[in-house]
Amino acid sequence: MKLLSIEWLKIKRYRTFWVLAGLFLLLLPLWNYEVASGFIKLGGKGGVNFLSTAYSFPQVWGNMGFWGSIFIMFISILVIILTTNEYTFRTNRQNVIDGWDRMQFFHAKVMLVVLLSVAATVYLFILGMVFGSGYSGSFSGLFSEIQQVGYFFILSLNYLGFGLFLAIWIRKSGLAIGLFLLYSLIIENIVKGTINHYSDMPVGNLMPLQASDELLPFPLMQMAKSILGGESTISMTTYALVATGWCAVYYFGARAILLRNDW
Amino acid sequence: MPSVLSIQNISKSYGPIQALKGVSFDVPEGSVFGVLGPNGSGKTTLLGIILDVLVANGGTYSWFGGMQPNEARKRIGSLLETPNFYHYLSAFDNLEITAAIRESGLGDRTRVLQQVGLYERRDSKFQTFSLGMKQRLAIGAARLGGPKVLVLDEPTNGLDPAGIAEIRELIRAMNKAGITIIIASHLLDEIEKVCTHVAILKKGDLLLQGPVNEVLRSEDQVEVRAADMAALEQAMQQMPGVKKVRLTEGTLQLTCDDNVTTMQVNQYCISKGITLSHLLLKKKSLETKFMELTV
C-alpha cells in the first residue's frame with residue numbers, strides 16, 4: 001500500500017495521465033452509445049451493419065468487452081509512458097538511491113498495473129449495467145454472460161502487463177510505444193496467421209495478446225461461428241489460463257531484466 | 001574508528017573494459033573521504049555500485065557494519081552526476097516523493113528548501129529550474145531526514161566559483177555536524193582542501209589510500225651534480241635520510257625525508273670528499289605527485 005501511495009504521488013499531478021485516463025473514461029461510453037445507436041457502423045448507409053447493436057443483457061458484456069479491449073490499448077500506452085518516464089528522468093535510479101530496493105520500484109509499478117486493471121474492469125461493469133439496463137428495460141439475463149467481465153480483467157492485466165514489460169525492457173518511450181502498437185496490431189497477427197496456417201489447432205491464438213483477445217472476440221464472430229458450425233477448438237478456460245500465464249511471463253521477465261542490468 | 005562503509009574487492013566490467021579491478025577500502029566514521037582519480041578511473045562506477053544502481057561483477061560492500069542495503073540508503077544522502085527529479089512536479093511535490101521513500105517525514109521539506117534557498121520557488125515545476133537550482137534541490141533532497149552519510153559525485157561540476165566555495169562550506173559544516181562525507185572528484189584541489197582521507201583510483205586500480213596528509217604528502221627533491229657522478233651516487237645512497245636516488249640526464253635526483261636540508265646534503269658530500277657543482281631544492285607540487293601517481 002505504501003508503494004502504491006508513492007506511485008500515486010508521482011501521477012496525481014501528471015497531466016498526461018489525467019488526459020489519457022479521462023479520454024478513456026469519456027470515449028468508451030460515447031463510442032458504445034454511437035455503436036448501439038447505429039451511428040457508427042460497418043457497412044453502407046442503410047445497408048447491413050456488421051457491428052452488433054445488441055446492448056441488452058447479456059450481449060452487452062461481450063459487446064462492451066470487445067470495445068473495451070481496443071480502448072485498453074490507450075491505458076497500456078499510459079503505463080508505458082509512466083514507466084519510461086522514470087528512465088528518462090532517471091528517477092528509477094533516484095528511487096533506489098533514496099532507499100527503495102529494485103523490487104520495490106518494480107512492485108510499485110506492478111501494483112499500479114493491477115489497480116488500473118481493476119479500475120478499468122469496475123468501470124466496464126458499471127457501463128455495462130447502465131447500458132444493459134437501459135436497453136433491456138430490466139435486469140433479466142444480467143448474469144448469464146457475466147464471466148466476460150472477468151475476461152476483461154484478465155485482458156486488461158495482460159495488455160497493461162505487456163506494456164510494463166516492454167517499457168522496462170526497452171526503456172525508451174517512443175520506441176516502446178511504437179513496438180507496442182506494431183506488435184499488437186501487426187506482428188502478432190502475422191505470426192498468429194502463419195502458425196495457424198501450418199497447424200491443425202489454432203495454437204497461434206495463444207500468442208501473448210491474442211490469447212486474451214480470444215476471450216472477447218468481435219461480437220458477430222460468435223454468431224458467424226455458430227451459423228457456420230465452426231466450433232472453436234480451444235476453450236475459453238484455456239485462453240483465460242494461457243493469458244494469465246503470459247502475465248506471469250511478463251512479471252518474471254521484467255523482474256529478471258531489472259535485477260540483472262545496471263540502472 | 002568504526003567504519004561506515006567497507007568495500008571488499010569490488011570489480012566491475014563493461015564488456016571488455018574493466019572499470020574496477022578488485023577495489024577495497026574502508027571509510028572511517030566522521031571522515032571526509034575523497035575518491036580521487038582522473039576521468040574514467042572508475043569513481044562514478046564505484047559510487048553507483050555502493051548505492052545499488054550498478055551491479056558489481058564481484059566483491060561486496062557493507063554499510064554501517066552490515067545494515068540492509070536499502071535501509072542503509074535511507075540514511076545516506078546522495079548526489080550522483082545529475083539531479084534526478086520528476087520534471088512535471090514542483091520542488092515541494094518532488095521532495096514529498098523523496099521523503100516518502102526515505103520515510104523521513106514531510107515536515108523536513110520546508111527546512112531543507114530554506115537551507116538551499118529554494119523555499120520561494122517551492123511550487124515551481126522542476127523543469128523551470130536553472131542548473132544551479134536543480135543542483136541545490138538535489139542537495140536539499142540529500143539532506144532530507146538528516147542523513148548520517150553524504151555521497152557526492154563531482155559536486156562542483158558546472159558550478160561557478162561562488163557555487164564551488166558554497167559547496168565546500170557546506171561539506172565542512174556538515175562534516176562538523178558529525179556527518180561522514182564521501183566525495184568523488186578529479187579535482188585534486190577540491191580533495192586537498194576538504195578531505196581527511198583519500199583513495200586514489202587509476203583505470204580501475206586502487207593506487208593508494210589513507211589519511212590525506214600521508215597519501216598526498218608533498219616530497220621535496222634535491223638535485224645534485226659533481227665531477228665524479230659514480231662516487232656521488234654511492235655516497236648519496238649511504239646518506240641517512242635519503243630515501244631514493246635516481247640518475248637522470250647527468251643529474252642525481254634525491255628523494256629525502258622531510259628534515260633533510262640542502263645544507264646537510266652539502267656538508268655530507270664535503271665530509272666524503274666530494275665537491276658539488278650543482279645543488280638545487282625542488283619543491284614538488286601535489287599536482288606533480290598526482291600526475292605521477294595517475295598518469
Side-chain angles (χ1 to χ4, degrees), chain A residues 1-22 78 80-109 111-112 167-168 171-173 254-263, chain B residues 12-14 19 44-45 47-57 63 67-90 92-104 106 123 125-127 134 137-138 141-142 144-145 147 151 153:
Chain A
M1 269 308 122
K2 194 148 192 318
L3 297 183
L4 211 46
S5 75
I6 290 173
E7 214 55 30
W8 169 244
L9 292 178
K10 294 179 186 174
I11 59 177
K12 74 174 178 183
R13 291 191 219 282
Y14 185 40
R15 194 181 300 142
T16 306
F17 171 78
W18 290 112
V19 170
L20 281 181
L78 184 59
I80 293 175
I81 293 172
L82 289 173
T83 309
T84 52
N85 266 352
E86 305 270 7
Y87 293 106
T88 310
F89 302 148
R90 297 167 79 84
T91 39
N92 60 324
R93 307 180 85 196
Q94 196 60 44
N95 289 170
V96 165
I97 287 169
D98 287 336
W100 266 358
D101 61 40
R102 292 173 171 215
M103 282 303 104
Q104 282 175 308
F105 173 83
F106 180 46
H107 287 148
K109 286 278 180 282
M111 285 163 81
L112 181 70
I168 285 173
R171 293 179 173 215
K172 301 259 187 295
S173 165
R255 191 188 158 100
I257 291 170
L258 287 179
L259 286 180
R260 196 187 60 232
N261 286 355
D262 289 339
W263 282 33
Chain B
K12 168 77 179 172
S13 53
Y14 298 106
T44 301
T45 301
L47 295 192
I49 288 169
I50 60 176
L51 293 170
D52 201 31
V53 289
L54 301 179
V55 183
N57 299 115
W63 286 101
M67 189 187 278
Q68 273 281 321
N70 65 312
E71 286 306 318
R73 286 197 300 279
K74 289 173 187 168
R75 292 163 178 78
I76 300 166
S78 315
L79 187 56
L80 292 193
E81 337 95 5
T82 50
N84 307 324
F85 291 99
Y86 297 91
H87 290 201
Y88 52 85
L89 291 179
S90 69
F92 225 47
D93 289 339
N94 266 302
L95 289 189
E96 185 175 0
I97 294 174
T98 313
I101 293 176
R102 296 177 72 90
E103 297 171 348
S104 64
L106 286 180
D123 292 324
K125 286 190 174 144
F126 178 72
Q127 60 200 6
K134 287 176 176 174
L137 182 63
L144 273 178
V151 178
D153 186 13

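Residue numbers start from 1 in every chain, and the chains themselves are labelled A, B, ... in the order their sequence lines are given, proteins ahead of strands.
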Relative to chain A, which segment of [X] carries a heavy atom at a distance below 4.5 Å: side chain, backbone, both, or neither?
X	answer
D52(B)	both
Y14(B)	side chain
L54(B)	both

Is the NZ atom of K12(A) crowded by more than 12 outside heavy atoms at less than 6.0 Å?
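Above 12, so yes.
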Supply the atom-to-atom distance N84(B) CG to R90(A) CZ, rounded to the nearest 0.5 angstrom.
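N84(B) atom CG to R90(A) atom CZ measures 6.0 Å (nearest 0.5 Å).
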So for [X], is it side chain, backbone, both, or neither that comes closer than 4.5 Å to the heavy atoms of chain B?
X	value
N92(A)	neither
L259(A)	backbone
R260(A)	backbone

Against chain A, work out which of H87(B), Q68(B), E96(B) has the most heavy-atom pairs shorter than 4.5 Å and name it.
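The answer is H87(B).
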Taking L89(B), V55(B), I49(B), T82(B) one by one, which has the highest count of heavy-atom pairs under 4.5 Å against chain A?
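So the answer, after comparing L89(B), V55(B), I49(B), T82(B), is V55(B).
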Relative to each other, are the rings of Y86(B) and F89(A) parallel, tilted or perpendicular (30° and 60° limits)?
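Rings of Y86(B) and F89(A): perpendicular, as their planes differ by over 60°.
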Less than 4.5 Å apart, any side-chain heavy atom of I97(B) and any of I6(A)?
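Touching, per the 4.5 Å side-chain cut-off.
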Given 3.5 Å as the limit, does a donor-acceptor pair link the side chain of R73(B) with the main chain of V96(A), or not?
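It does hold such a pair.
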Keeping the roles fixed (side chain from R102(A), backbone from V53(B)), state whether a donor-acceptor pair exists under 3.5 Å.
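Side chain of R102(A) to backbone of V53(B), a donor-acceptor pair under 3.5 Å: yes, one is there.
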Nearest heavy-atom pair of N85(A) and Y88(B): which atoms, and what distance?
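The answer is ND2-CE2, 4.1 Å.
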Residue among T88(A), D101(A), T91(A), N95(A) with most heavy-atom pairs under 4.5 Å to chain B:
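Among the listed options, the one with the most contacts to chain B is T91(A).
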From CA spacing to verdict: side chain to side chain contact (heavy atoms under 4.5 Å, CB included), D98(A), K74(B):
CA-CA 6 Å; D98(A) 287 336; K74(B) 289 173 187 168; over 6 Å; no
Ion pair check, K10(A) and D93(B), cut-off under 4.0 Å
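Salt bridge between K10(A) and D93(B), a charged N being under 4.0 Å from a carboxylate O: no.
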If we check side chain to side chain contact (heavy atoms under 4.5 Å, CB included) with I97(A), which of these qualifies: I101(B), L80(B), T98(B)?
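Checked I101(B), L80(B), T98(B) against I97(A); only one passes side chain to side chain contact (heavy atoms under 4.5 Å, CB included): L80(B).
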